[in-house]
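Single-structure report; data block below.
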Amino acid sequence: MASLTSIPFTLPSSSSSPKHLFLHSFLPRTHTHSPKRSFKIRCAAIGNGLFTQTSPESRRILPEFNPSLPRVKIVYVVLEAQYQSSLSAAVRSLNADSRYASFEVVGYLVEELRDADTYSLFCQDIKDANIFIGSLIFVEELALKVKEAVEKERDRMDAVLVFPSMPEVMRLNKLGSFSMSQLGQSKSPFFQLFKRRKQSAGFAESMLKLVRTLPKVLKYLPSDKAQDARLYILSLQFWLGGSPENLQNFVKMIAGSYVPELKGKDIKYEDPVLFLDSGIWHPLAPCMYDDVKEYLNWYGTRKDVNEKLKSNNAPIIGLILQRSHIVTGDDSHYVAVIMELEARGAKVIPIFAGGLDFSGPVDRYLVDSVTGKPFVHAAVSLTGFALVGGPARQDHPRAIEALRKLDVPYIVALPLVFQTTEEWLLSSLGLHPVQVALQVALPELDGGMEPIVFSGRDARTGKSHALHKRVEQLCTRAIRWAELKRKSKEEKKVAITVFSFPPDKGNVGTAAYLNVFDSIFSVLQDLKKDGYNVEGLPDTAEALIEDVIHDKEAKFSSPNLNVAYKMSVREYRSLTPYASALEESWGKPPGNLNSDGESLLVYGKQYGNVFIGVQPTFGYEGDPMRLLFSKSASPHHGFAAYYSFVEKIFQADAVLHFGTHGSLEFMPGKQVGMSDACYPDSLIGNIPNIYYYAANNPSEATIAKRRSYANTISYLTPPAENAGLYKGLKQLSELISSYQSLKDTGRGPQIVSSIISTAKQCNLDKDVSLPEDGEELTPTERDTVVGKVYSKIMEIESRLLPCGLHVIGEPPSAMEAVATLVNIAALDRPEDGIYSLPGILAETVGRNIEDVYRGNDKGVLADVQLLREITEASRGAITAFVDKTTNKKGQVVDVAEKLSSILGFGLMEPWAQYLSKTKFIRADREKLRTLFEYLGECLKLVVADNELGSLKQALEGSYVVPGPGGDPIRNPKVLPTGKNIHALDPQAIPTEAAMQSAKVVVERLLERQKVDNGGNYPETVALVLWGTDNIKTYGESLAQVLWMIGVRPVADTFGRVNRVEPVSLEELGRPRIDVVVNCSGVFRDLFINQMNLLDRAVKMVAELDEPEDQNYVKKHAMQQAAELNVPLREAATRVFSNASGSYSSNVNLAVENSSWNDEKQLQDMYLSRKSFAFDSDAPGAGMLEKRKVFEMALSTAEATFQNLDSSEISLTDVSHYFDSDPTNLVQALRKDGRKPAAYIADTTTANAQVRTLAETVRLDARTKLLNPKWYEGMMKSGYEGVREIEKRLTNTVGWSATSGQVDNWVYEEANTTFIKDEEMLKRLMEVNPNSFRKLVQTFLEANGRGYWETSEENLERLKELYSEVEDKIEGIDR
């Protein structure tokens, strides 16, 4: 049975400025700069501030007055508008017939119910409705609104029909005696559909099965109940059938059976016209097909296409469609994609499914059942939904299994659902947040890429229409991905793009944790072996650097980077259609950036079919005036010329962006769902984009995925090792050991005296309260002092730090694997029944590990010692375990085989053998075995390596398996690397576990602040929310904000968090703390729903009827409302970020490029860039500038706060942290001029800590910048290692600038380590003179700005060195 019905088909109707390096007078040489013109910024709300302004009146049909006919009123609520035209046509036809009744109908899109006036109208309509219909209502807050309105009238109404939706709404169903009010408590088949279960995709399949079989069975059962159930199922058949004829018969059936005035009229209706549940549809085909061979036979006989399209050489694209759009006739957007693909020479196989599970149809129609090979070269889903489960509960493993089998690039394009075309075009956010969550974030978990909006919605008819420019972009990109499947390796052209940030010759090849040039060399050697043309590739990575940089000691802005291509202005304009749009920011081309004054310059080097190019930078980082603009400037001409070259002159088949991260994805434009006017979309053009991204940074990887259409492939961060001890710290450790063995002899006091003086030499007196020299101490006091010093040096010694830089394709050694496993073993995993190793060992000696941690933190000597023994035993047991799988070269091999033999014999367990020689001999064998089985699985993941393999798969047009990004310690599923990184369902956070962790940190923070604040709670805390941190911790820092203000998240049936409720003051046991939340631009893009949730929570708390001394949110909001003369809810605005499409406060750019005059200028940048608020009362308005409210809220802050959540990134590793730090700014805004306390929560280990910012900066300096283990590890990476050292010093200056919390000794010790040590100085200058020059410049700058007091001798030496390195660089140039 190839077809059931033919489908009618109609064609759709076509609906600058010069570069400045700004240094200062304290440097030996200076540069001047000139003023710049400012940009005008406009950010306006639309209409009622909601996402959609559409009106249900466009869906209202009123019949002509006819007193002889009964009037039947139908109200419906749907997710999407595709039923509007079908249902309207059905009702008009019935009214024209005027036989039985006059039908009034009005329809609401569920999203419209957010608007108070529209909701009020809906409630009015329900009051006199006969029939209510609801479908696909899966947004909880709106589902509850529907429930509330319909529930009141349910018993009065004649019929209530709800098709797949949330259980709360499904329970409203009522047809005669048929009801679902027991849904959730009964064993009925309907309840089974909604049970939480892993086979969630079975929901759709079960529903369809019931729909097909139940009516036949129920027909023969006599009871009314059975007949009512039968009519419900028939209703669902009619609804899923969706055509005007089906819906007309549906209305006749329900009205005739349940409206009292019509019951006796014997209204005849036809059975539903059944369409295939799944099949293949083409607008020009005579029928639907359920056999792919039959469809292809028809395709081969088409007279309307040329022979080229029928040939075997044409690319073939599989399309995945929603059946409801086809059967309701709302298919013009599908038709447009099919026609565009065919016009561009691609065959299409458009498949559809009626349910929410597309995995079966993908397997049936896109994969050859005989050979197992795909019929298509790429697949494009036009549904916008996850492959399995749609908007309800998804089954990602099942989707991944189907897509792995298909093994082609998988693109998920987007039809606009909640906005009209005009609303989307006007929105700076782009897509509606609910659509981002349902149709962008969830498909990414399947491995979906390229969320291109291809169709809009007409506000009047509700019909979809193609957005022709977007359809062109989608189709061209799909064909380009398909070509990767078809082209031979030797003819494929690949453009590898490296970054240089900040712009300097010493920074070419910047990427987080990655040795870029060694990695590129490794990749190219592998591609060469694989058959790619890499002609002329040098023999070493060092020679490769020389080639690309040409002369790495030359100044970056000069053309001494290797110039690969000179592009004339005329050529640039002809290749770059958007060039004129860049002139507002940058003047006429060529401009001063990447230009020689006449032509635009593309830097890089070509080897055969591989081009290695240097991506230009933003261009405004050296200009303090531009950095003050609240919105980011467009890309400059040189930036645009680079991508025009790659796409149109070099003609790359794919671009490989190498490492975390470049600037392309952070260019201005809509946050998600870009238009052709958005710069990232224009720049990437039609080139397939593959992007190596650090596995621990899923948030920015997701930005790259959504805004530059990247297939992001994860790479490993260097394994974390313990920082260890050195110099005076090592000496302290030895003195403490002596004290422990000799403290009861006469030598105890003498050793303590040495410990105190050595601790002071090591500057530990800032962290530990030490007695004065010569002070007499009792034995207990001596123990206390030694315990506190011991605790501090243990904290330093055991701190985790990534050593060195990763090289793509090099799996960790056995020693590195041990470090990772020790950290994995330190965490309890109650959901898996796994206890932490430190916890198991502590139990052995009758202690609870949490008590040991607390004693250690207080400096109780016995607990510090016990924790040290536990830590050493943990390392020893895991080393013994890993040793069993290690070969002579120190590599882990044959893990699976070795593990099964170890786990087979209890007596041979290596961890038990090791522990038998320690005090932990009686550790629980069963718990250890469970833990080590888990660690064995983790070990397999740690040493598996697919970074090169996945790159080759992507280049060959294969499917790259998706996987979560994040911290491999917390979530080992991040491993192995080489996966297409995704984030998480944004509505899934914060989890219950995150909430529990957050409570601990918040209480520790508030207790610490009380101690430092005379016993008073802070009234306001200013804090930062980061995208990656919240992904890694499943929303811990988000939960911290909720707990500070005293609310808890409430999850819906599907585990999604869209509501909060207040916690009573009694339960909270303290006042509600006011907050000022600075969301990073990345958090804003990924978690706009959670920003909405936070804003609603704060406003809810501000309106609670509570005393002001117990509710600081209310207290401050009322004061600010009175002062600003605004409503309370507006004054309670507390959730801020950048303007849409802009990122960071630019303080980091100013510091990194030394382009700032004073701290006031940095503070102005922060206020200008970060004062855009999200308003849950007008979510569609985007980010609105609310600077006055922002300043007033900040002026009440008594503490600033940030989180560190993983060992790889600490305060001085990246510039983001100080870029978001408002400590000095708050002091400037406070009326009393008092500096707020600044705290950092450290949850990198099981023993969460809250430290002051100053303590954390000191800890960071001791464990990284000043630690030989760290800097020697970096020096092994050569050229890139020097840059990493310089970066840490620059970021330290950033902290001085924003917080003033860096001690003088940090700079002094750094100067001793890198400048006074002649041998070290020589190595730095030889290996990377440009980065060394920046290092020297930064020392001079720290002194010039008053952050470092040092001797004249040191300063003279630095000035000499600066001149010397300048001469060296210029000398080499000559």
Side-chain angles (χ1 to χ4, degrees), residues 23 26-29 504-507 542 545 551-555 723-731 758 761-763 801 803-805 1154 1212 1260-1293 1302-1344 1347-1374:
L23 297 179
F26 43 78
L27 289 182
R29 304 172 188 203
D504 183 278
K505 254 328 219 339
N507 289 333
E542 289 70 28
I545 296 176
D551 178 359
K552 63 175 177 280
E553 283 76 17
K555 193 173 140 202
L725 298 173
Y726 55 93
K727 298 181 183 168
L729 296 170
K730 198 168 187 180
Q731 196 181 335
T758 309
Q761 284 165 19
C762 295
N763 298 291
L801 54 117
C803 280
L805 298 170
S1154 303
T1212 57
D1260 228 32
R1262 287 179 177 124
T1263 52
K1264 289 198 174 152
L1265 186 65
L1266 306 176
N1267 183 355
K1269 186 171 184 178
W1270 181 83
Y1271 60 70
E1272 288 298 346
M1274 284 302 167
M1275 289 301 288
K1276 283 178 191 160
S1277 299
Y1279 163 79
E1280 282 150 333
V1282 180
R1283 180 178 66 226
E1284 291 294 322
I1285 292 166
E1286 174 271 307
K1287 188 168 89 176
R1288 296 310 182 291
L1289 186 70
T1290 299
N1291 291 343
T1292 304
V1293 169
V1302 184
D1303 297 335
N1304 200 69
W1305 68 263
V1306 172
Y1307 293 111
E1308 196 66 34
E1309 289 290 318
N1311 184 66
T1312 304
T1313 304
F1314 301 111
I1315 304 297
K1316 284 190 164 179
D1317 180 334
E1318 286 294 329
E1319 195 180 323
M1320 172 58 79
L1321 182 151
K1322 196 171 161 192
R1323 285 164 70 196
L1324 293 167
M1325 195 188 288
E1326 285 303 317
V1327 175
N1328 190 335
N1330 286 272
S1331 289
F1332 178 68
R1333 172 176 60 181
K1334 179 72 166 77
L1335 185 81
V1336 172
Q1337 175 194 313
T1338 305
F1339 275 119
L1340 287 165
E1341 187 177 349
N1343 171 261
Y1347 302 144
W1348 173 38
E1349 285 180 27
T1350 191
S1351 65
E1352 275 306 313
E1353 185 190 343
N1354 280 345
L1355 293 174
E1356 281 310 310
R1357 177 67 180 128
L1358 285 165
K1359 286 174 185 172
E1360 279 169 29
L1361 281 171
Y1362 191 86
S1363 300
E1364 197 181 312
V1365 73
E1366 283 268 77
D1367 290 347
K1368 178 179 169 67
I1369 288 167
E1370 286 171 17
I1372 289 172
D1373 277 350
R1374 287 196 294 276

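Keep in mind that this is a model prediction, so the values were computed, not measured.
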key: Point-to-point distance, once rounded to the nearest 0.5 Å, from CG of Leu1266 to NZ of Lys727   = 7.5 Å

ask   = Can Lys1322 and Glu1319 be counted as an ion pair, charged N to O under 4.0 angstrom?
value = no

inquiry  = Using 0.5 Å steps for rounding, measure from the CD atom of Gln731 to the SG atom of Cys762.
reply    = 7.5 Å

inquiry  = Under a 4.0 Å threshold between the charged nitrogen and the carboxylate oxygen, would Glu1284 count as salt-bridged to Lys1264?
reply    = no

request  = Find out whether Met1325 and Val1282 are in side-chain contact, i.e. whether some heavy atom of one side chain is under 4.5 Å from a heavy atom of the other.
outcome  = no

query = Is the shortest heavy-atom distance from the side chain of Asn1311 to the side chain of Leu1358 under 4.5 Å?
reply = yes

query = Just checking, is any N or O donor in the side chain of Ser1154 or Glu1341 under 3.5 Å from an acceptor N or O on the other one?
reply = yes

task = Write down the atom of Val1365, the atom of Pro1329, and the distance for their closest heavy-atom approach.
result = CG2-O, 3.5 Å

remark   = All heavy atoms of Ala1342 vs all of Val1293, minimum pair found to be CB-CG2, 4.0 Å

task = Verify side-chain contact (heavy atoms from CB on, under 4.5 Å) between Asn763 and Asp1303, making sure each step is shown before the conclusion.
result = CA-CA 10 Å; Asn763 298 291; Asp1303 297 335; over 6 Å; no

key: Shortest non-hydrogen contact between Leu1265 and Tyr1271, atoms and distance   = O-CD2, 3.4 Å

request  = Would you please test Trp1348 and Glu1308 for side-chain contact (heavy atoms from CB on, under 4.5 Å) and show each step?
outcome  = CA-CA 8 Å; Trp1348 173 38; Glu1308 196 66 34; 2.8 Å; yes

ask   = Which atom pair, heavy atoms only, marks the closest approach of Arg1262 to Tyr726?
value = O-OH, 2.6 Å

note = Closest non-hydrogen contact found for Ala723 with Lys1269 is O-CD, 3.5 Å

note = In this structure, CG of Leu805 is separated from CE of Met1274 (nearest 0.5 Å) by 4.5 Å

ask   = Do Val1306 and Thr1292 come within less than 4.5 Å of each other through their side chains, counting heavy atoms only?
value = yes

ask   = Any side-chain donor-acceptor pair under 3.5 Å between Arg1333 and Asn1330?
value = yes

request  = Drop me the distance from Leu729's CG to Thr758's OG1, to the nearest 0.5 angstrom.
outcome  = 10.0 Å

ask   = Where do Thr1212 and Asn1291 come nearest, in terms of heavy atoms and distance?
value = O-ND2, 2.9 Å

task = Hey, could you give me the OG1/CD1 distance between Thr1312 and Ile1315, rounded to the nearest 0.5 Å?
result = 10.0 Å

message = Is the shortest side-chain heavy-atom distance between Phe1332 and Leu1361 below 4.5 Å?
response = yes

task = Mind running side-chain contact (heavy atoms from CB on, under 4.5 Å) on Glu1286 and Leu1324 for me, showing each step along the way?
result = CA-CA 10 Å; Glu1286 174 271 307; Leu1324 293 167; over 6 Å; no

Check: Asn1267 and Leu801 side chains under 4.5 Å, non-hydrogen atoms = yes

query = Using 4.0 Å as the upper bound for N to carboxylate O, is an ion pair formed by Arg1357 and Glu1353?
reply = no

ask   = Should Lys1316 and Asn1354 count as side-chain neighbours, where that means a heavy-atom distance under 4.5 Å?
value = yes

query = For the residue pair Phe1314 and Phe1339, is the inter-centroid distance of their aromatic rings smaller than 6.0 Å?
reply = no

inquiry  = When you compare the side chain of Leu1340 with that of Gln1337, does any pair of heavy atoms fall below 4.5 Å?
reply    = no

remark   = One should read off an interatomic distance between Leu1289 CG and Thr1338 OG1, to the nearest 0.5 angstrom, of 5.5 Å

